[in-house]
Number of protein chains: 2
Amino acid sequence: MKDKILQYLSKYTVITKELEKAIAESTFIQCFKKGEILLKKGSTSNECYFIIKGCIRSYYLKDGDEKTIEFYTEDEAVIPLNYDTIIPSGHYLECVEETIVSVGNPELESETFQKFPELATLSRIIGEKIMAQQQESFADYKMSTPEERYLNLVKRRPDLIQRVPQHQIASYLSIKPESLSRIKRRIMNK
Amino acid sequence: MKDKILQYLSKYTVITKELEKAIAESTFIQCFKKGEILLKKGSTSNECYFIIKGCIRSYYLKDGDEKTIEFYTEDEAVIPLNYDTIIPSGHYLECVEETIVSVGNPELESETFQKFPELATLSRIIGEKIMAQQQESFADYKMSTPEERYLNLVKRRPDLIQRVPQHQIASYLSIKPESLSRIKRRIMNK
DNA sequence: TCTATTTCTTAACTAAAGTCAATGCGACGA
DNA sequence: TCGTCGCATTGACTTTAGTTAAGAAATAGA
């Protein structure tokens, strides 16, 4: 199970036996059922997740309906916006399907970081990378029409189209399910 | 001139005489004219900026027209997406008006960080803050209609409406100038 | 297995943004 | 001072998304 995290981290640094042990001690594995809520609006968050298997969706509630912000799948880190703060969350985290995660929390994290400073550096580097990716996908999003966004999604994350309900895909693209149906038909007839 | 940076940093940490000196040594002041390009698409970037006075716009070129991603004004940090990497930039940075900035670069930065580890920590904290803000504004953007985005902009950054040409505001809201005109009229008639 | 519920699609209509073209306004330089 | 150019606005028309409502398909639960 934990192999996947080590595999992920080994892309960035050399994993010593000691480090392996430290990571094993500072995280634990947890399993959630489809539909389970990991984080509610209004509550604080002191857990972050690394997805071993499954899919997590983050969304806001506005005018009674859900606005999907992001889908996280295998080998991705889910760090709530308010992680390690006392700020109540504005968004929800929900499991799209049965999901196995490795859970981290600030206390265990800072302990491990003190023992392994290279992990702190690593964490910063990965953080910067995520930030750069986010900025890029924001730019992509802003520059595209709903149809382009859908085509882009099909290209980059074809698995999502299969495993996530269409109305959640639609909300992710900021359109109504009816519009997504029409867009798909439009593309078919080309 | 440099007072503004110290003032900004003093919100986060105590500024000693030594630190003040180090900051003075690791940055320099530069002035750009209206319309000057600080970063071109395709080139690498080894400079970041802190705006003392003025306004900088980042934009992409798509299908021949400019897609504005962000406006940066007084007391804001402008860190190109590809800063301190060998990746060629996908976006441009342009001065909306005459702009005075404090310039930083990776070499000077890492020197100062070694001498003042608290500055490295600070830089990380500010980085995380910027990241959280970005995520929030992305969520806000995704959840809003063009009209809501315009009203939001008027509320949060009324100065931009005054100092930036309307067609750039429109591109920032991802609409055409004609649509922005209509939105303004619609709001007037309410 | 059968039912009930959710999800997806379709249709008709409304609302809003895109497109194209024309006009008006103001800044800037000759 | 005048003329030019870029910018903002307006109008007519097209395209696309939202809304409402209905029905078909898929899914989950009893």
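Throughout, a chain's letter reflects where its sequence line sits, starting with A, and its residues are numbered from 1.
Residue Y150(B) contributes atom OH, which lies 13 Å from atom P of dA17(C) at whole-angstrom precision. Rounded to whole angstrom, the span from the CG atom of N189(B) across to the P atom of dA15(C) amounts to 16 Å. Note: CD (E178(B)) to C1' (dT19(C)) measures 8 Å, nearest angstrom.
Checking dA17(C), dC8(C), dT9(D) against the side-chain heavy atoms of K184(B) singles out dT9(D) as nearest. Proximity note for I175(B) (side chain, C-beta onward) versus dT10(D), dA16(C), dG18(C): the nearest is dG18(C). Looking at the side chain of S181(B), the nearest of the listed nucleotides dG18(C), dT9(D), dT9(C) is dT9(D). Set against dT10(D), dT9(C), dC8(C), the side chain of P177(A) has dT9(C) as its closest nucleotide. In this structure, the nucleotide among dT16(D), dT9(D), dA28(D) sitting nearest to the side chain of R186(A) is dT16(D).
The cationic atom of R157(A) (NZ for Lys, CZ for Arg) does not lie both less than 6.0 Å from the six-membered ring centre of F71(A) and within 45° of the ring axis.
Using a 4.0 Å cut-off between a side-chain N of Lys or Arg and a carboxylate O of Asp or Glu, R182(B) and E178(B) do not qualify as a salt bridge. Residues K53(B) and E98(B) are not paired through a salt bridge, judged by the lack of any N-O separation under 4.0 Å between the basic side chain and the carboxylate.
No hydrogens or angles were tested; on distance alone, a donor-acceptor pair under 3.5 Å links the side chain of R182(B) to the base of dG18(C).
You'll find the ring centres of Y172(A) and Y59(A) outside the 6.0 Å limit.
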